[in-house]
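Chain A is the first sequence line, chain B the second, and so forth, proteins listed ahead of strands; every chain is numbered from 1.
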Amino acid sequence: AQSVAQPEDQVNVAEGNPLTVKCTYSVSGNPYLFWYVQYPNRGLQFLLKYITGDNLVKGSYGFEAEFNKSQTSFHLKKPSALVSDSALYFCAVTDNAGNMLTFGGGTRLMVKP
Amino acid sequence: NAGVMQNPRHLVRRRGQEARLRCSPMKGHSHVYWYRQLPEEGLKFMVYLQKENIIDESGMPKERFSAEFPKEGPSILRIQQVVRGDSAAYFCASSPRLAGDNNEQFFGPGTRLTVL
């Protein structure tokens, strides 16, 4: 069975400060990890993914994520937050033999001016 | 290239009625996934389909829910005799190949079902 934990329901950051949204995972095979963002009353937008290769993955809108195998983590980061980054962020995992994505519960990011 | 299309965007049903949710995958995508998002929760996998085949329905409730992806036309998620607990956002995603084969799933805007 695979699972994802996003330990923070909400993260508050001041505009211009760095942000981190945490994610840890559990999967039996090699992990395929994803971050999605959801704006109010909208679908999920893909941000970035880790399949293999460099542990630091760069994605859309200046976001990046660091894969840490020993800590089974895939934290989302951005060096300088924008107010427009305020949204709901979901981490997801699948294994190399599976098809479904397993999502974390989501973390609401609030960036204040 | 249009994205994943879902309709209707909002659906209101009374208890006991049927709800039919439609999903048209992105052009060239033959794999469709349905997820349900309850209020203030993450998405939960329901079913994975290819054209004319159900590949994985491990997340589907045993009763009242069914899904199909015919050779022609959109994928349909059907909920019979809806109850208030079915109220949720239902998202469809599509991918061109198996999700484990380095392809992300592209999500539609969702259908928000409200059961009165």
Side-chain angles (χ1 to χ4, degrees), chain A residues 1-10 21-25 27-53 57 59-60 63 65 74 87-108, chain B residues 2-7 9-10 21 23-26 29-50 53-60 67 88-112 114:
Chain A
Q2 53 199 38
S3 65
V4 176
Q6 293 182 241
E8 304 152 315
D9 289 337
Q10 182 161 318
V21 182
K22 295 179 181 177
C23 170
T24 57
Y25 67 90
V27 69
S28 56
N30 292 325
Y32 294 73
L33 294 152
F34 303 83
W35 276 101
Y36 288 86
V37 60
Q38 185 180 31
Y39 294 97
N41 298 317
R42 301 282 295 277
L44 274 69
Q45 295 178 32
F46 169 78
L47 279 180
L48 51 79
K49 65 181 178 183
Y50 171 83
I51 304 298
T52 187
V57 178
S60 307
F63 283 92
F74 190 55
L88 194 54
Y89 290 79
F90 290 99
C91 181
V93 69
T94 187
D95 66 22
N96 59 3
N99 305 302
M100 66 179 196
L101 287 173
T102 297
F103 284 84
T107 298
R108 187 168 301 280
Chain B
V4 177
M5 313 261 303
Q6 288 188 251
N7 67 81
R9 294 291 306 275
H10 300 273
L21 288 63
C23 169
S24 296
M26 288 181 68
H29 288 193
S30 57
H31 299 246
V32 166
Y33 313 80
W34 285 93
Y35 294 84
R36 176 166 63 177
Q37 184 180 31
L38 295 171
E40 303 302 317
E41 292 188 14
L43 280 74
K44 298 283 192 270
F45 168 79
M46 298 181 76
V47 63
Y48 162 43
L49 311 104
Q50 295 179 20
N53 283 309
I54 296 175
I55 306 302
D56 182 351
E57 57 181 348
S58 58
M60 287 280 270
Y90 292 83
F91 290 97
C92 169
S94 72
S95 73
R97 299 197 295 272
L98 287 176
D101 192 17
N102 297 353
N103 283 297
E104 69 266 22
Q105 295 174 20
F106 295 82
F107 282 80
T111 293
R112 278 157 182 80
T114 301

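- Between chain B and the residues A:Gly104, A:Ala92, A:Gly105, the largest count of heavy-atom pairs under 4.5 Å involves A:Gly105.
- To the nearest 0.5 Å, the span separating CZ on B:Phe91 from OH on A:Tyr36 amounts to 12.5 Å.
- Legend: residues meeting side-chain hydrogen bond (donor to acceptor under 3.5 Å, both in side chains) with A:Trp35, ordered by chain and number and at least two apart, are absent.
- To the nearest 0.5 angstrom, B:Gln105 atom CD is 11.0 Å from A:Lys49 atom NZ.
- Contact annotation for A:Gln38: only side-chain heavy atoms (C-beta onward) come within less than 4.5 Å of a heavy atom of chain B.
- Looking at residues two or more places apart in sequence or on another chain, you find no side-chain hydrogen bond (donor to acceptor under 3.5 Å, both in side chains) involving A:Thr52.
- For B:Met60, the CE atom counts as densely surrounded, since its 6.0 Å shell holds more than 12 non-hydrogen atoms of other residues, nucleotides or ligands.
- Atom CZ in B:Phe107 sits 5.5 Å away from atom CG in A:Leu101 (nearest 0.5 Å).
- The distance from the CZ atom of A:Phe103 to the CD atom of B:Gln37 is 9.0 Å, given to the nearest 0.5 Å.
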